[in-house]
Amino acid sequence: MTAWLSVLVPLLVMFFALGMERVESRLRESTVRPEELEELLDRPRPDEVRALFRQGTGRALELFRLRNRTPRSRRAPRRNKAA
């Protein structure tokens, strides 16, 4: 019985370590840059705040990145022609 435990425990620890490495690599890929998050929180838009509240940081940052990807000429507010 002791011989089986002395073989089984190191194998379990090794498989656990390999599994944790896979989890860590996925987390490392999906990290958020602090500057990007700070900019999102400094100048939020209503749809980004709603997404942050309902769906979490990932969706809010996705909307934020889409907003930053659009050219500045498209983001300029429209003016009324009557004024």
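Note that the coordinates shown come from a computational prediction; the quantities given were computed from them, not determined experimentally. Each residue takes its place number in the sequence, starting with 1. Below, all heavy atoms of this structure are taken into account, side chains as well, without hydrogens, waters or symmetry copies.
Cluster annotation: Val7 is connected to Met14 through the hydrophobic network of ILVMFWY side chains, with a link wherever side-chain heavy atoms come within less than 4.5 Å. Side-chain heavy atoms closer than 4.5 Å link hydrophobic residues (I, L, V, M, F, W, Y) into clusters, and following such links, possibly through other members, connects Phe16 to Val23.
Note that the OG atom of Ser25 and the CE atom of Met20 stand 10.5 Å from one another [nearest 0.5 Å]. Summarising the geometry, atom CD belonging to Glu39 is positioned 3.5 Å from atom CZ belonging to Phe64; distances are rounded to the nearest 0.5 Å. Rounding to the nearest 0.5 angstrom, the gap separating the CG atom in Asp42 from the CD atom in Glu35 is 12.0 Å.
The pair Arg59-Glu62 meets the salt-bridge criterion, since a charged nitrogen lies less than 4.0 angstrom from a carboxylate oxygen.
Between Asp47 and Leu63 the shortest heavy-atom distance is O-CD1, 3.7 Å. For the pair Glu48 and Arg43, the tightest heavy-atom approach, listed with the atom from each and the gap, is OE1-O, 4.1 Å. The minimum heavy-atom distance between Pro10 and Leu5, with the atom names listed, is CD-O, 4.1 Å.
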